[in-house]
Participant: 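Following this message is one structure expressed as structure tokens.
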Amino acid sequence: MKKKKLNLRDLNKTSSDNHKRNDGHNHSSPESIGKFKIYVPAIFSFVMLIIGIAMDYFDVAFFKDWIRIVWYAVAYLPVGFPVIKEGWNSIKNGDFFTEFLLMSIATIGAFAIGEYPEGVAVMLFYAVGELFQSAAVKRAKRSIKALLDVRPNEALVYRNNNYVSVNPEIVAIGEKVQVRVGEKIPLDGILLSEKGSFNTAALTGESKPDTIAKGEKVFAGSINLDGVIEIETTKEFKDSSIARILDMVQNATARKSKTELFIRKFARIYTPIVVFLAIGLTFLPYFFVDDYVFNDWLYKALIFLVISCPCALVISIPLGYFGGLGAASKNGILFKGASFLDEMTRITTVVMDKTGTVTKGVFKIKEIKTIDWDEPEFMKYLMAMEEQSTHPIAKAIMEYKADGEDFQAKEVTEVAGKGLKGKVNGKTVLVGNKALMTSNNIEVPSETDNIVESIVMVSIDGKFAGYVIIADELKEDAHEAIKQIRESGISKIIMLSGDKDSITQQVAKEMGIDTAKGGLLPEDKLNEVEHLKKQFNTKVAFIGDGINDAPVLAASDVGIAMGGLGSDVAIETADVIIQTDQPSKIARAIKIGRSTRRIVWQNIGLAFGVKAVVLVLGAGGLATMWEAVFADVGVALLAILNAVRLQKMNWK
């Protein structure tokens with residue numbers, strides 16, 4: 001059966017997509033009025049039905065014959081016409097056995113045998129169920145509009161002895177482009193200037209700036225941090241790094257499978273069985289009953305169809321998901337659709353980024369090692385030098401608590417790609433990497449060779465004075481997150497990062513993750529996840545937070561983004577948002593998905609079990625429509641109470 005959508009839900013979805021949370025607009029605006037209109041048909045039918053039932057109950061004199069028929073017909077049409085229309089369109093498309101057809105036959109049949117209130121009530125239940133379903137499973141579209149903020153929109157190209165601003169899409173390979181401080185590199189190229197410092201977070205997700213020397217590659221989307229530079233383009237815009245990310249997100253999103261809700265799956269089997277049973281109940285008795293009367297058996301068949309209407313299902317199933325979505329929200333987890341609650345239960349492999357996902361994405365001093373120097377005094381010399389720099393590592397060092405007002409750095413110069421050189425209180429101080437020490441004939445302890453994190457070495461008056469290790473801190477619950485994920489039954493946990501492989505491997509080892517790969521570009525991460533997905537019986541969840549993670553978030557079976565500090569692109573591309581940035585919530589999301597699935601299956605079993613009993617009674621003429629409606633409403637109420645249990649559960 002093809003997946004069809006009821007007009008009421010289409011209207012609701014369209015309105016929901018256009019109505020954004022916390023948009024700050026006046027809620028009496030046309031948008032909010034248009035949203036309210038979605039509920040008008042159901043409200044109108046409900047009011048008409050209640051008034052009609054009241055007039056029936058009090059036996060109002062004028063409410064007879066054609067007036068009564070017209071009244072209930074008017075009540076029926078707002079909720080019934082969209083269903084009948086959808087059923088007819090399905091038939092024209094060769095898809096006969098849909099729930100739309102079943103609802104249409106059953107309710108029109110109710111009218112045919114004079115059970116007008118029941119016909120309206122059943123269709124109203126269905127319409128309300130669709131609205132519930134729409135509210136529960138509305139899916140935020142994977143918008144990549146935020147990527148437009150990253151994509152450069154102009155390039156200063158050297159043409160006719162002057163720099164002119166043009167669209168990057170019309171810049172040819174080999175042209176010279178100027179990039180000012182704070183601007184984005186518009187196209188991939190090589191650096192013509194002596195050196196440059198770039199924020200490459202859009203590509204690698206790493207907050208540490210890259211220092212590039214003349215002749216080395218620079219990538220579109222990187223931000224120039226230091227001085228005016230010139231580059232020579234090596235690729236057209238459509239082939240640039242940032243354009244490839246855009247393309248990967250679009251393609252990965254298109255490849256992402258969509259999970260159908262259970263009501264659609266069951267309807268494929270349930271609907272044709274019910275229809276054929278009703279037909280059989282009408283005609284087969286002719287061959288076995290001596291006093292066969294067509295109208296009597298038609299009456300029983302129509303009652304059978306009314307009883308078989310999946311009212312409890314269309315309400316209880318979406319409500320089960322709705323309860324799961326609400327429970328997840330209370331726990332700081334945002335699912336973008338009910339289908340992802342279901343998909344979380346099938347995850348077999350968890351793949352995660354490092355920076356910003358399991359680490360804080362902020363540099364901190366991890367260790368200070370001095371040689372023949374008191375630590376506070378050593379740090380005063382270092383801080384006096386780093387005060388001249390805006391580098392994130394320098395900022396991390398400046399957070400050290402030490403009173404260094406009497407330590408002043410003078411004659412500070414930057415040694416390209418190596419560090420700083422200057423004088424502090426009359427002493428010559430070098431601050432930088434091992435290359436800086438070696439070039440100044442400073443002997444460096446061999447122990448530093450085994451350090452994989454960022455290291456700042458210091459020499460004072462020609463002697464090695466010590467070093468400071470700078471590292472990204474693990475989040476407080478990072479270890480607990482891995483423990484809980486494993487306890488939830490997922491043993492395969494993989495770390496993929498754009499950071500150095502040595503650092504990635506160290507973090508993975510510290511956290512107890514068996515498999516890790518570092519130094520990966522976005523397309524590398526995507527290829528790794530695509531390879532995993534091809535393995536037998538494997539469902540992959542990817543957790544990330546950066547723009548560079550967007551293609552993988554879209555391509556994975558479930559994309560999970562860190563919502564607190566994560567980029568807009570990652571958040572909009574992901575299926576699940578961890579609003580508190582706590583990786584330990586990942587295991588909780590899996591548990592909530594499993595609890596929701598269990599509740600939904602309980603509701604399905606309850607609805608089908610009760611219906612099976614009442615259907616048999618109806619086929620034997622032992623159940624009337626009122627009994628069937630009562631049983632159906634009872635099942636729906638029990639299912640609602642069962643779904644509400646999700647709000648009370650504790651998954652800690």
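All heavy atoms count here, side chains included; hydrogens, waters and symmetry mates do not. On a predicted model such as this, the values are computed, not experimentally measured, just so you know.
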Participant: Walk me through it: do Asp353 and Lys525 pass the test side chain to side chain contact (heavy atoms under 4.5 Å, CB included)?
Facilitator: CA-CA 9 Å; Asp353 180 40; Lys525 290 184 181 181; 3.1 Å; yes

Participant: Okay, side chain of Thr282, backbone of Gly280: is any donor-acceptor separation there less than 3.5 Å?
Facilitator: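 Here the side-chain-to-backbone pair does not exist.
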
Participant: Which atom names give the shortest non-hydrogen contact between Ser556 and Val540, and what distance separates them?
Facilitator: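 Looking at all heavy atoms of both residues, the closest pair is CB-O, 3.7 Å.
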
Participant: Taking OH in Tyr116 as the centre, count heavy atoms belonging to other residues, nucleotides or ligands within less than 6.0 Å. Is the count above 12?
Facilitator: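 Yes, OH of Tyr116 has more than 12 neighbouring heavy atoms, counting only those of other groups under 6.0 Å.
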
Participant: Checking side-chain contact (heavy atoms from CB on, under 4.5 Å) against Phe542, which of Leu526, Val351, Thr349, Leu532 comes through?
Facilitator: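 With Phe542 as partner, side-chain contact (heavy atoms from CB on, under 4.5 Å) holds for just one option, Val351.
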
Participant: Quick one, Ser104 and Glu86 - any side-chain contact, counting heavy atoms below 4.5 Å?
Facilitator: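 No. Closest side-chain heavy atoms not under 4.5 Å.
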
Participant: After noting the C-alpha distance and the side-chain angles of Tyr76 and Met48, does the key distance pass the side chain to side chain contact (heavy atoms under 4.5 Å, CB included) rule?
Facilitator: CA-CA 9 Å; Tyr76 176 86; Met48 292 285 288; over 6 Å; no

Participant: Taking Met344 as the fixed residue, which of Asp557, Ile590, Asp575, Ile592 is the one that meets the side-chain contact (heavy atoms from CB on, under 4.5 Å) rule?
Facilitator: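 Checked Asp557, Ile590, Asp575, Ile592 against Met344; only one passes side-chain contact (heavy atoms from CB on, under 4.5 Å): Ile590.
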
Participant: Determine, stepwise, if the pair Trp297 / Val289 fulfils side chain to side chain contact (heavy atoms under 4.5 Å, CB included).
Facilitator: CA-CA 11 Å; Trp297 288 101; Val289 178; 4.0 Å; yes

Participant: If I take atom CZ from residue Arg588 and atom CD1 from residue Ile485, how far apart are they, to the nearest 0.5 angstrom?
Facilitator: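 Interatomic distance, Arg588 CZ to Ile485 CD1, rounded to 0.5 Å: 12.5 Å.
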
Participant: Can you label the angle between the Phe283 ring and the Phe294 ring as parallel, tilted or perpendicular, going by 30° and 60°?
Facilitator: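 Judged by the thresholds at 30° and 60°, the geometry between Phe283 and Phe294 is tilted.
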
Participant: Without swapping roles, check the side chain of Arg594 against the backbone of Ser488 for a donor-acceptor pair under 3.5 Å.
Facilitator: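 Here the side-chain-to-backbone pair exists.
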
Participant: Decide yes or no for Asn89 and Lys92: does some side-chain heavy atom of the first lie under 4.5 Å from some side-chain heavy atom of the second?
Facilitator: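 In short, these two side chains touch, coming nearer than 4.5 Å.
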
Participant: Might you point out which heavy atoms bring Ala75 and Leu49 nearest each other, and give the distance in Å?
Facilitator: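 Taking every non-hydrogen atom into account, CB-N, 4.3 Å.
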
Participant: Please name the pair of heavy atoms, one in Gly559 and one in Ala574, separated by the smallest distance, quoted to 0.1 Å.
Facilitator: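 Closest pair (atom of Gly559, atom of Ala574, distance): O-CB, 3.5 Å.
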
Participant: Kindly write out the residues that satisfy side-chain hydrogen bond (donor to acceptor under 3.5 Å, both in side chains) with Arg598, not counting sequence neighbours, or none if the list is empty.
Facilitator: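 Counting only residues at least two positions away or on another chain, Arg598 forms a side-chain hydrogen bond (donor to acceptor under 3.5 Å, both in side chains) with Ser595.
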
Participant: For the CG atom of Leu334 and the NZ atom of Lys585, what is their distance to the nearest 0.5 Å?
Facilitator: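 Interatomic distance, Leu334 CG to Lys585 NZ, rounded to 0.5 Å: 12.0 Å.
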
Participant: Roughly how far, to the nearest 0.5 Å, is CG of Leu606 from CD1 of Ile599?
Facilitator: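 Going from CD1 on Ile599 over to CG on Leu606, the span is 11.0 Å.
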
Participant: Please find the pair of heavy atoms, one from Ala278 and one from Ala301, that lie closest to each other, and give the distance.
Facilitator: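 Of all heavy-atom pairs spanning Ala278 and Ala301, the closest is O-CB, 3.4 Å.
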
Participant: Give me the ring orientation class for Trp71 and Phe63: parallel if the planes are under 30° apart, tilted from 30 to 60°, perpendicular past 60°.
Facilitator: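 Perpendicular.
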
Participant: Within the structure provided, determine whether Ile560 and Ile578 are in side-chain contact (heavy-atom separation under 4.5 Å).
Facilitator: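 With C-beta onward as the side chain, the pair touches.
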
Participant: Quick check: closest heavy atoms across Arg597 and Thr345, and the distance to 0.1 Å?
Facilitator: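 Scanning both residues, the minimum pair turns out to be CD-OG1, 3.6 Å.
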
Participant: Does Tyr72 form a side chain to side chain contact (heavy atoms under 4.5 Å, CB included) with Ile53? I'd like the steps, not just the answer.
Facilitator: CA-CA 10 Å; Tyr72 283 116; Ile53 291 174; 4.2 Å; yes

Participant: Within a strict 4.5 Å, meaning less than it, do heavy atoms of the Thr107 and Glu115 side chains meet?
Facilitator: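 Heavy-atom side-chain distance check fails, nothing below 4.5 Å.
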
Participant: Under 3.5 Å, is there a donor-acceptor pair between the side chain of Ser45 and the main chain of Ala42?
Facilitator: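 Looks like no, no N/O pair under 3.5 Å.
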
Participant: If I take atom OG1 from residue Thr357 and atom CD1 from residue Ile586, how far apart are they, to the nearest 0.5 angstrom?
Facilitator: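 Separation between the atoms: 8.0 Å.
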
Participant: What are the two closest heavy atoms between Glu530 and Ala555, and how far apart are they?
Facilitator: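 It is OE2-CB, 4.0 Å.
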
Participant: Roughly how far apart are Asp581 CG and Asp477 CG, rounded to 0.5 Å?
Facilitator: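 The CG atom of Asp581 sits 9.5 Å away from the CG atom of Asp477.
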
Participant: Between Pro117 and Arg68, is there a side-chain heavy-atom distance shorter than 4.5 Å?
Facilitator: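 They are in contact (side-chain heavy atoms under 4.5 Å apart), so the answer is yes.
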
Participant: Say you draw a straight line from CD1 of Ile490 to NZ of Lys539; how long is it, rounded to the nearest 0.5 Å?
Facilitator: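 Reported value, rounded in 0.5 Å steps: 13.0 Å.
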
Participant: In this structure, are over 12 heavy atoms from other groups packed under 6.0 Å from Tyr292 atom OH?
Facilitator: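 Yes, enclosed.
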
